[in-house]
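Numbers restart at 1 for each chain; the letters A, B, ... are given by sequence-line order, proteins then strands.
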Amino acid sequence: MDGAGAPRYSIAMKKGDHLFLVDGSGFIFRAFHALPPLTRKSDGLPVGAVSGFCNMLWKLLTDARDTSVGVTPTHFAVIFDYSAKTFRKDLYNAYKANRSEPPEDLVPQFGLIREATRAFNLPCIETEGYEADDIIATYARQAEAIGADVTIISSDKDLMQLVTPNVHMYDSMKDKQIGIPEVIEKWGVPPEKMIDLQAMVGDSVDNVPGIPGIGPKTAAQLLEEFGDLDTLLARANEIKQVKRRENIIANAELARLSRRLVQLRTDAPLDMPLDALVLEPQDGPKLIAFLKAMEFGTLTRRVAEACDCDAGAIEPAQVKVEWGPAARGPDLDAGASAAAPVRAANGTGAADIYGDNRPAELAKARAEAFATARIDKSCYVTIDDVEDLDDWIRAARETGIVAFEAEGTSIDPMLSEIVGISLALADNTHNPSGLDVRAAYVPLGHKTGSDDLLGNGRADNQLTAGEVLGRLKPLLEDTSVLKVGHNLKYAYLLLKRYEIEIKAYDDVMLMSYVLEAGKGGHSLDSLSDRWLGHMPASFKDVAGTGKSSVSFDMVEIDRATVYAAEKADLALRLAMVLKPWLTAEHLTRVYERLERPLVCTLARMEERGITVDRQILSRLSGELAQKAAAIEDEIYRIAGERFTIGSPKQLGDILFGKMGLPGGAKTKTGQWSTSAQVLEDLAASGHEFPRKIVDWRQLTKLKSTYTDALPGYIHPQTRRVHTSYSLASTTTGRLSSVEPNLQNIPIRTAEGRKIRTAFISTPGNKLVSADYSQIELRVLAHVADIPQLRQAFADGIDIHAMTASEMFGVPVEGMPSEIRRRAKAINFGIIYGISAFGLANQLSIERSEASEYIKKYFERFPGIRDYMDSTKEFAREHGYVETIFGRRAYYPDIRSSNPQVRSFNERAAINAPIQGSAADIIRRAMVRMEPALQAAKLSARMLLQVHDELIFEVEDGEIDKTLPVIITTMEQAAMPAIAMKVPLKVDARAAANWDEAH
DNA sequence: CCCCAACCGTA
DNA sequence: GTACGGTTGGGGG
């Protein structure tokens, strides 16, 4: 029904006509989740999905009226779900029972999107008791019968069963046509078999049961073999795999029911006949009035231009919105922007990316415009002569901003050789809104596929590395030209090895990390998907996968151009969107002080690496092997058979089956746990066998993870180990270390510590380890402002003993170690967002006793409870928490109705400001360390970071002068931004290896 | 060849 | 109870 009730005329549909059917409901959910979540009107009304919807419709209609595009609809309708109650619910009561309530930000947008449809002068259709999909199916089949073509604007797999030679689907967000070949490619079956495939696979979102254990791949294979579901069910006994056969036979009825659920009706009652869907002309003023009411500046302007209307003369429409205060976003700065008039983001060419003085408006307009802007890969060019390259460099200097990406032979920048460089520039010569980006790829190290005795030949039509890098070096090192990239540390390290040191840069990965830590990944793929509605080509697409994959120098230059240029293009677009957003969210300082400078700081640390003594590791490996073998023999002897000790499943069978030991905990898959905790408990109750398993595990763990693996990371040329620090992979702001992970080198056991002796200084130098003492408890004392804790740290007394003394009334002097141990566990528990369950586990005590401890603790330190409560409340209200330097950590699930999920998020939210503030402090120290050492004319080199510890290599003669510089820089790191209420304390010492230095 | 679960190393 | 990454076994392709 068209709620607006505007009279529509109708023209009989005929052969050759083209009907567009937009899956409105599908689009709403997709747009809501795909688009930047922050899009709001100035009064706080969330309109992200509305914005995406309007942009999509406008683009479809503009293309449609542009006859050169080829596909021109004659009829057009937008279809919505009427309500959740449909005939399917009568078939199967659990249908869509899993559906949770729509997000509260989405609720007010349902009505608005229907309003938008009417503003576009399009029929808005919904029918009680039927899903949008059934209406679409009915229209599609009717139109097809007349001989018209149909395009369904959706990417929902449920609609793919409708695809025929005359019925296509179009994914407007990915700009992708879906026809018969695409369905086959994605699902392995042609569209007419989609119903049977879905019936077997089921759908957890809609709660379509399907056959358990059958996924898309298996289903496609079975349909290939048997033709259709009925034949399969009739001949199921021919299936060879036992489990699968039994499964299918047992669930045949479920499959038939599922088929009835997924099969779309083509006989839904239609309130509006096909002929009435004729596409009417745009009513410019009506549409503009609506867009103005929504404050979609960019789109308003575009529509006004296209319709030749004066937008300024049109009053915003009165749009009635049903949304209560609950729908209002909590992070809205209503006071600042409520009264602000909407201003179109005019003239936002590249030159003023950073210069707008209304950041929130600019950020919003940018995100809105870029979310739907088309990415035209056909304009990417390959640069193969120096004049062209010089032109691009000149243009980059004029614009002042260039995005770039360095392609190499390996993902490890220390082992990679440069293969090419892509560049992207904002080009506002054609489009004053600054949306056009042009990009190019400069190949310089591509090889031909044919190899002869001399190896692979050099590919034709490319400049030499010398020519290219010689020209790019001045640009990349020019502090007045901003270089934009994604994960710039890679390019920084790669180019550093070619004597280029990138200066003046922005990294969109880090912008995203600052804006959205905890909300999702920060890879170029996820950022493009989230902010630009575009999925870039994957590396696998160009280089192949698995064994048949090739390094980038073996990729054909044309293909490489599209892949590499796209990355630079996307990085530039993302910077144009995210940089204003940083300003709008007041996160620029976090980005500029805590993130950006670490790119080159960390790159230099990684480049230096650390010496690992191969002999020591080899000797240790031998010792571990011998000890493990001896224990292995005893294990087999006691067990009475040989088995795979490393298999928890087999071990569980031996322990709790054959040997009949009492089982303790279960894993989440229902197996008996064989964790160290369980085995220790068994050992404590007098069984010697589990002890041996624990010992064996320790030895084999040390061997496989450390002594055997580390030598493989020694670089062939530098002879050192170069870890890679990930700047954007934790929610709290900590770094992580990979390939190898040098942040988990053993220390707790004597056996494990030996591995640290293999980390050595070069002759004439020592390793210096400097670590913060109790930094997280100090941060806690600061943020929660606990008088006793502050006093204890000020006086330098044992913090755990003080806690024990407060709680249990035992004097610090002569305190029993068990009492102190418990207090220590409680202190750590507090930092981790304590639960009675967790504390009980940690201390092996009853949960009731743990509850008593916690109660007592809160009585003695009421400020801690206040801190925890207010942190939880802040997180619930804002969806994120903050460190003392303003870094955010998002916890989107903190409002979950599942108590387990919610509690977990609450504990994480309590921990994040503490862990994250400590992480920020050491980041600040690291950024200042190199200048501080330089100022003191010291040659110490910072090599590693392990969360609260920094490791340096220092010349023997400089150690005495260096230690105070390191200590002071670390202890003063919070200043002047934050005056800590407790002093920070750093311990440092020098030795020939890491074990003795720590 | 890829993915997941279980386990365990660090702060 | 927080935050990570790596190895192994095992299931499936």
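Nucleotide dT7(C) holds its C1' atom 16 Å from the CD1 atom of I645(A), rounded to whole Å. Distance CD1 (I831(A)) to C1' (dC4(C)): 17 Å, rounded to an integer number of Å. Rounding to whole angstrom units, OH of residue Y725(A) and P of dG5(C) are separated by 13 Å. Protein atom CZ of R887(A) is 13 Å distant from nucleotide atom C1' of dA3(C), rounded to whole Å. In this structure, CD1 of I834(A) is placed 16 Å from P of dA3(C), rounded to the nearest angstrom. We find that CD of E906(A) is positioned 18 Å from C1' of dA3(C), with the value rounded to whole Å. If you measure from atom CZ of F828(A) to atom C1' of dA3(C), you get 13 Å, rounded to the nearest angstrom. Separating the CD atom of Q945(A) from the P atom of dA3(C) is a distance of 17 Å, rounded to the nearest angstrom.
Within the nucleic acid shown, A709(A) comes within 4.0 Å of sugar-phosphate atoms alone, with no base atom in reach, counting heavy atoms only. Among the protein residues, S726(A) comes within range of no part of the nucleic acid, since none of its heavy atoms lies under 4.0 Å from any strand. Nucleic acid contact class of G829(A) (heavy atoms, under 4.0 Å, all strands): base. At a threshold of 4.0 angstrom between heavy atoms, the contacts of L839(A) include nucleobase atoms, whether or not backbone atoms are also involved. The residue S835(A) sits close to a base: some heavy atom pair falls under 4.0 Å. Using a 4.0 Å heavy-atom criterion, one finds that A909(A) contacts no nucleic acid atom at all. Counting non-hydrogen atoms under 4.0 angstrom, S729(A) reaches the backbone sugars and phosphates but no base. Residue T731(A) is classed as a sugar-phosphate contact, given heavy-atom separations below 4.0 Å to backbone atoms only.
The listed nucleotides are dT7(C), dG10(C), dT2(C); the one nearest the side chain of R907(A) is dT2(C).
In the displayed structure, L415(A) atom CG is contacted under 6.0 Å by more than 12 heavy atoms of other residues, nucleotides or ligands.
A donor and an acceptor atom, one from each side chain of T730(A) and Y513(A), are located under 3.5 Å apart.
S896(A) pairs by the side chain to side chain donor-acceptor pair (under 3.5 Å) definition with nothing, not counting sequence neighbours. A search for ring-ring contact (aromatic ring centres under 6.0 Å, His included) contacts involving Y853(A) returns F808(A), not counting sequence neighbours. The ring-ring contact (aromatic ring centres under 6.0 Å, His included) test applied to F689(A) returns no partner, not counting sequence neighbours. A search for side chain to side chain donor-acceptor pair (under 3.5 Å) contacts involving D987(A) returns K985(A), not counting sequence neighbours. A search for side chain to side chain donor-acceptor pair (under 3.5 Å) contacts involving S870(A) returns nothing, not counting sequence neighbours. Not counting sequence neighbours, the partners of R753(A) by the side chain to side chain donor-acceptor pair (under 3.5 Å) test are D995(A). A search for ring-ring contact (aromatic ring centres under 6.0 Å, His included) contacts involving W187(A) returns nothing, not counting sequence neighbours.
Contact between the side-chain N/O atoms of S647(A) and the OP1/OP2 oxygens of dT8(C) is not found at any separation under 4.0 Å. In this structure, T545(A) reaches the dC2(B) phosphate: one of its side-chain N or O atoms is under 4.0 Å from OP1 or OP2.
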Table please: side-chain donor-acceptor pairs of residues 216-224 of chain A below 3.5 Å, with sequence neighbours left out.
none

Distances for protein N/O vs nucleotides 11-13 of chain C N/O pairs under 3.5 angstrom?
from	atom 1	to	atom 2	distance (Å)
dG13(C)	OP1	R244(A)	NH2	3.0

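Within the structure, salt bridge (Lys or Arg N to Asp or Glu O under 4.0 Å) contacts touching residues 821-835 of chain A (residues at least two apart or in different chains) are E818(A)-R821(A), E818(A)-R822(A), R822(A)-E849(A).
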Going 5' to 3' through nucleotides 6-11 of chain B, assign each nucleotide B (protein heavy atom under 4.0 Å from a base atom), S (under 4.0 Å only from sugar-phosphate atoms) or - (no protein heavy atom that close). SSBBBB
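Note on ring orientation: taking the six-membered ring where Trp is involved, the planes of Y880(A) and F874(A) are perpendicular (angle over 60°, cut-offs 30° and 60°).
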How does DNA chain C look in dot-bracket form if you count Watson-Crick and G-U pairs under 3.5 Å, write [ ] for pairs that cross, and put | where a base pairs with another strand? .|||||||||||.
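Looking at K658(A) and E641(A), their side chains come closer than 4.5 Å, going by heavy atoms from C-beta outward.
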